[in-house]
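Since the structure is predicted, the reported quantities are computational estimates derived from the model, not experimental observations. Residue numbers begin at 1 in each chain, while the letters A, B, ... track the order of the sequences.
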There are 2 protein chains.
Amino acid sequence: MEQNAQMSRVRTIADLARLAGVSPGTVSRALAGKSLVNAETRDRIQALAAEHSFRPNQMASRLRTQRTGVIGVVVPLGHERRQHLSDPFFMTMLGFLADRLTEDGYDLMLSRIIPDATDWLERIVDSGMMDGVLLIGQSDQVDTIERVARRYRPLVAWGSSDLPGQVHCAVGTDNIAGGRMAGERLIARGARRIAFLGELRAPEIRQRYEGVASAMAAAGIDHPPIQLDTHLASDIMVQEVTAHLDRVGGEIDGIAAASDVIALTTLRVLADRGIRVPDDMPVVGYDDLPLALSAVPRITTVRQDIARGADEMVSALFRRIAGEDAPSVMMPPVLVERDSA
Amino acid sequence: MEQNAQMSRVRTIADLARLAGVSPGTVSRALAGKSLVNAETRDRIQALAAEHSFRPNQMASRLRTQRTGVIGVVVPLGHERRQHLSDPFFMTMLGFLADRLTEDGYDLMLSRIIPDATDWLERIVDSGMMDGVLLIGQSDQVDTIERVARRYRPLVAWGSSDLPGQVHCAVGTDNIAGGRMAGERLIARGARRIAFLGELRAPEIRQRYEGVASAMAAAGIDHPPIQLDTHLASDIMVQEVTAHLDRVGGEIDGIAAASDVIALTTLRVLADRGIRVPDDMPVVGYDDLPLALSAVPRITTVRQDIARGADEMVSALFRRIAGEDAPSVMMPPVLVERDSA
DNA sequence: TGGAACGTTGCAAACGTTTGCGAAAGTCGA
DNA sequence: TCGACTTTCGCAAACGTTTGCAACGTTCCA
């Protein structure tokens, strides 16, 4: 029997049907566990399938049912050409998404996209390969996302949901509030000339900057934060931060980093120069990744609940796949007070 | 025209063929850029396709061609039930794999697997959904991997390639040599009672332990390293390490961590207790993730070239998909001397 | 005893593409 | 003018499932 299983490899449902002496249709129904087949023959067929370790061809099944069981997860790297997928925030988010998606029986197809062609999202959405798509981050591609979202429902993004006129469903945290928290914390630490380390092309980051600015304004500080472009790409970040600090290090007395990774790098550069954190220079991060807790000193940061965010994204997506409506969700950030500010 | 494009949505190749006044076969060939069609009609059809933003159904195409253009990337979490995908090493590796794979026109389907059923790998391999599969890590599932690899060629794993009788293709670094380097470094720093923080069920980690042990033996130290189970799950790692240090902290004078993440956590715990690194307690990590460089103090670690590793994996896989043979590759690790040891 | 009702199964038509094969039309040289 | 050859295209058969519908054999009730 074992030999038999090896010799005449049963590849198709028809093969198995011949072996079982029934029609392919019956095998299909039996394997799907439908109630339309006799329980006895169903068991017999399932046993036979197991014995030959037969698994129906997914491609054919999906073509026929028009349902793929695949969710596309795409990371648009619009303005961050040098950034790659290894960015810890994306990765952490991806991890939670993968957990949740596989739990619900979906597969996850990952695309890392540098949007050079303008139809990058159409290409994905219209490939007919997935039941829905999740965007980790909006990058500077809000226009494209809006255009597609207008006609393609099962699409949800991570990021800002309060953009003027926004139609696409997004889940994220209140970045303005988060930025304000960071700013307030720095001000409470006595900082008045605050630098913001981050690039403003993604709406998320821009809002964080605006939050910091509003906190400063509210405290009666009459100048805005000093904004310094800093990419999330880990390979050049050290040089970038070093250059920034070389240039304006003397003029500032507090740093709001657009992400924990940037904060961590900043800590490193400051340590090299003997600048004490937080006494000489308070630093606050954003995200609250695990590494914020392991850093020395521990990073004071604005927490985004990534696990919950992933959950909300998946839930919204499933509702949209089912044809229901699902609104955007904006979660409140919370300041995690640790040692760096 | 714009209206037209919206109104009569062209979904299939047949639709487009009708519009262009040719047969579906010709459209298919034109879209594929085959030379069997007149250049003029080809351009005309392509223009028409673009105008209606038509994209052929992938599912059907794949069913017909029996080529999916999808590579499965699976992370087996055999003994690490609590570990999730957000582990930085996996994620960094995944990032490079995604870069390389998309570069070559392949899609990437991600599965995070907790191997409860024994046929988890068969289920993936026989789904008929991918042209090949990449395993990030062997976990404690070497038997399963071996069984499948015996009949399924396009499979390559990250991990040890020198296991007794191993048939499956693996790329990784020489973990024994790497462990030895770590051990030698600690010994050079004066350590003699060395703790190894890591779990031995994955062959990779076990070999690192053996490397440390062999370095100690070579130095005339007559006892083995003190092995302390430490999971890679970031959420309980701090507690684990704390517990370990509570128990044996007084007996040891050097720490070899099985990964950089463990090393980082250890640094954090040691800092809490006022134990100076490296003076009181040298610590060496493994992997050389970006975070090793940002840590304070910078982590001395054994470097695995993840980028090259990902490249080797993909190359080997492509060769195997093409039917050629591809041997395992074992890359040399290198000790990166920094501040923690 | 007839037929309605029920539970199981088989038949065959999709799903949307690719591709071998042959037909038609055009080109060229003899 | 004819045949050989080339280029371009249409026809139709796959790829392996799923599923509506019809057919079959029972059972059961009138």
Upstream residue (5' side of DNA chain D) when B/Val27 and B/Gln66 are each assigned their closest nucleotide: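 Upstream on the strand: B/Val27.
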
If you only use heavy atoms from C-beta on, which nucleotide in [options] is closest to the side chain of [X]?
X	options	value
A/Arg29	D/dG16, C/dT19, D/dC21	D/dC21
B/Leu36	D/dG16, C/dT17, D/dC9	D/dC9
B/Ser23	D/dG10, C/dT9, C/dG16	D/dG10
B/Arg64	D/dT18, D/dG16, D/dA13	D/dA13

[X] vs [N]: side-chain N/O to OP1/OP2 distance below 4.0 Å:
X	N	result
A/Thr65	D/dT17	no
B/Ser28	C/dT17	no
A/Lys34	D/dT19	yes

Any side-chain to backbone donor/acceptor pair from A/Gln138 onto A/Ala202? Under 3.5 Å, distance only.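 Between the backbone of A/Ala202 and the side chain of A/Gln138 there is no qualifying donor-acceptor contact (under 3.5 Å).
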
Short question: side chain of B/Ser315, backbone of B/Asp311 - any donor-acceptor pair under 3.5 Å?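 Checking the backbone N and O of B/Asp311 against the side chain of B/Ser315, a donor-acceptor pair under 3.5 Å is found.
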
In whole angstrom, give the distance that lies between atom CD1 of A/Ile13 and atom C1' of C/dC11.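 So the CD1-C1' distance, A/Ile13 to C/dC11, works out to 15 Å.
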
Take atom CD of A/Gln58 and atom P of C/dC15, then tell me their distance rounded to the nearest Å.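 Rounded to the whole Å, the gap is 20 Å.
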
With a cut-off of under 6.0 Å to the ring centre and 45° to the axis, is A/Arg67 in cation-pi contact with A/Tyr106?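 Because its charged atom sits under 6.0 Å from the ring centre and within 45° of the axis, A/Arg67 does stack over A/Tyr106.
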
Please find the pair of heavy atoms, one from B/Val10 and one from B/Phe54, that lie closest to each other, and give the distance.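 Reported closest heavy-atom pair: O-CD1, 3.5 Å.
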
If each of A/Gly25 and A/Ala60 is mapped to the nucleotide of DNA chain C with the nearest heavy atom, which maps nearer the 5' terminus, i.e. the 5' end?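 It is A/Gly25, whose closest nucleotide lies nearer the 5' terminus.
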
Determine the contact category for B/Thr12: base if any of its heavy atoms lies under 4.0 Å from a base atom, sugar-phosphate if only primed atoms, P, OP1 or OP2 are that close, otherwise nothing.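 The residue B/Thr12 makes sugar-phosphate contact but no base contact.
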
